[in-house]
Amino acid sequence: MSAPASLLSQRWGFRQHSWRHPADGGFHAPSFDVVRLPEQLARDFVTRHHYAASFPAARFSYGLTTTDDRLAVDGATVGGRALVGVAVLSIPMRASVLSNVFPELQPNMQTLELGRLVLTDTPANAESWFLRRVFESAAAEGIRGVVSFSDPMPRTRTIVDQNGNERVDEYKAGHIGVCYQATNALALGRSTRRTLTYLPRHGLVLSDRTLQKIRAQESGADGAERRLVALGAPARRANENPSTWLRHALQELQVTRVRHPGNYRYAWAIGSPSERRRTRIGLPRTPYAKPDQDLLALL
């Protein structure tokens, strides 16, 4: 990977990425529209195209649609127009993700996280146009603040060809939030440094919450176990202790522990000009991250 990739617009199609350069042009705003989406339609699109193949706890889902049928990649349509992007405003796992940034607003009711943003084969700069209209719609629903994070850690996975030869493929570049910067988002430092449970062969991170569900057999444990089995772990035997099984499963999957420097945090106060002025931000502002300094330093 190289830093210039972070200056481009990343696009996705069936979890494979590509890049669009602003100099290529081609974004014609009258050809596009933004609409509210039913959750199932948004979920199907996101899991089909986003590299994580997962969907957050959504409150509002929005679609970017177009009359330009050349941009359609999978046949998904809304009102006869091709669906080429989805943004999801979601409820994070911890309310403090929101309250730390917007201490005077009610988490999950007045503030949300931009949990997913995925565009397929659209011209560069489409995401900033899309986000502005998403925020206008969300403000009309009473939302006053949005938080999002940009992950600077690149992800790779091992590809095995038909002859059994392995190669390492980078399927997700590191990001510093250039498209957020283009919408004048507030840069608010980084999230907490942490150690990740990482599956190098698949380029996936297993959340601590997912692992705890399995150990304690909480709600969602069955789905988490099925996911590990699908990735290559042996199925848990009847009456096998979940913690013991998990330890062996992670060994079988050859997980590693990776130190992560923290994601870049961005925020938007939305609503009318007076509402935005009244919104207090609870964290100090920081300079925008730069690809040639804050991304390459991690490699």
Side-chain angles (χ1 to χ4, degrees), residues 10-12 29 32-66 74 76-120 122 125-151 175 177 179-180 182-186 188 191 220 263 265-273 275-276 278-279 281:
Q10 191 171 33
R11 298 293 180 260
W12 294 92
F32 291 87
D33 194 13
V34 176
V35 297
R36 282 280 300 275
L37 293 180
E39 182 172 316
Q40 190 59 53
L41 179 58
R43 180 186 298 274
D44 290 344
F45 187 93
V46 169
T47 55
R48 191 160 57 244
H49 295 297
H50 193 271
Y51 74 90
S54 62
F55 194 74
R59 269 204 67 197
F60 302 112
S61 299
Y62 298 91
L64 178 66
T65 66
T66 182
D74 65 358
T77 61
V78 180
R81 299 164 61 100
L83 179 63
V84 294
V86 169
V88 183
L89 299 184
S90 58
I91 297 172
M93 286 192 293
R94 298 181 305 279
S96 59
V97 169
L98 303 172
S99 60
N100 287 344
V101 177
F102 300 107
E104 296 176 356
L105 298 177
Q106 185 176 0
N108 305 331
M109 297 302 295
Q110 293 178 296
T111 58
L112 292 170
E113 181 178 7
L114 177 61
R116 288 288 183 273
L117 175 64
V118 55
L119 280 72
T120 53
T122 55
N125 301 326
E127 55 267 73
S128 55
W129 186 91
F130 184 23
L131 281 180
R132 288 188 182 99
R133 281 144 188 84
V134 165
F135 294 158
E136 289 172 0
S137 180
E141 299 286 346
I143 304 302
R144 293 292 171 262
V146 177
V147 175
S148 193
F149 296 90
S150 187
D151 187 352
H175 290 285
C179 72
Y180 300 157
T183 63
N184 297 318
L186 300 176
L188 303 173
S191 62
N263 294 329
R265 181 191 291 108
Y266 291 92
W268 299 261
I270 63 177
S272 68
E275 288 169 333
R276 295 198 299 271
R278 291 196 302 268
T279 299
I281 305 299

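Taking the ring-ring contact (aromatic ring centres under 6.0 Å, His included) definition, one finds that Tyr266 meets it with Tyr180, sequence neighbours left out. For Asn100, there are no side chain to side chain donor-acceptor pair (under 3.5 Å) partners, not counting sequence neighbours. The side chain to side chain contact (heavy atoms under 4.5 Å, CB included) check on Arg59 picks up Ile91, Met109, Leu112, Ile143, with sequence neighbours excluded. Partners of Phe55 under the ring-ring contact (aromatic ring centres under 6.0 Å, His included) rule, at least two apart in sequence or in another chain, do not exist in this structure. Every residue two or more places apart in sequence or in another chain that forms a ring-ring contact (aromatic ring centres under 6.0 Å, His included) with Phe45 is listed here: His49. Annotation: side chain to side chain donor-acceptor pair (under 3.5 Å) contacts of Arg278 (sequence neighbours excluded): none. For Phe102, there are no ring-ring contact (aromatic ring centres under 6.0 Å, His included) partners at least two apart in sequence or on another chain. Ser61 pairs by the side chain to side chain donor-acceptor pair (under 3.5 Å) definition with nothing, not counting sequence neighbours. Judged as a side chain to side chain donor-acceptor pair (under 3.5 Å), and not counting sequence neighbours, Ser96 has no contacts.
Inter-residue side-chain proximity for Phe130 and Leu117 is flagged as met; some heavy-atom pair is nearer than 4.5 Å. When side chains are defined from C-beta on, Leu188 counts as touching Ile281, because their heavy atoms get closer than 4.5 Å.
Each of Leu131, Thr65, Leu64 was scored for a side chain to side chain contact (heavy atoms under 4.5 Å, CB included) with Val34, with one residue passing: Leu64.
The environment of Arg276 atom CZ is dense: over 12 non-hydrogen atoms of other residues, nucleotides or ligands sit within 6.0 angstrom.
Note that OG1 of Thr279 and CD1 of Ile270 are 9.0 Å apart. Values are rounded to the nearest 0.5 Å. Here Trp268 contributes atom CH2 and Phe135 contributes atom CZ; the two are 4.5 Å apart, rounded to the nearest 0.5 Å. Taken from NE2 in His50 to OG1 in Thr120, the straight-line distance is 13.0 Å, to the nearest 0.5 Å.
Of all heavy-atom pairs spanning Ala87 and Val134, the tightest one is CB-CG2, 4.1 Å. Counting all heavy atoms, side chain and backbone alike, Val97 lies closest to Phe149 at CG1-CE1, 3.6 Å. Among all heavy-atom pairs drawn from Ala58 and Val88, the shortest one is CB-CG1, 3.5 Å. The two residues Pro107 and Ser99 make their nearest non-hydrogen contact at CG-CB, 4.0 Å. The two residues Leu89 and Ala138 have their closest heavy-atom pair at CD1-CB, 3.6 Å. When all heavy atoms of Gly145 and Leu105 are compared, the pair lying nearest together is N-CD1, 4.3 Å.
Under the 3.5 Å distance criterion, the side-chain polar atoms of Ser128 are left unmatched by any main-chain donor or acceptor of Cys179.
Screening residues 101-116 for side-chain hydrogen bond (donor to acceptor under 3.5 Å, both in side chains), with sequence neighbours left out, gives Ser54-Arg116, Glu104-Arg280. Sorted by first and then second residue, the salt bridge (charged side-chain N to carboxylate O under 4.0 Å, His left out) pairs with a member in residues 76-92 form an empty list; sequence neighbours excluded. Pairs of residues two or more places apart, or lying in two chains, that qualify as salt bridge (charged side-chain N to carboxylate O under 4.0 Å, His left out) and include a residue from residues 128-145 are Arg36-Glu141, Arg144-Glu275.
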Yes or no on side chain to side chain contact (heavy atoms under 4.5 Å, CB included) for Val78 and Leu41, after CA distance, side-chain angles and deciding distance? CA-CA 9 Å; Val78 180; Leu41 179 58; 3.7 Å; yes
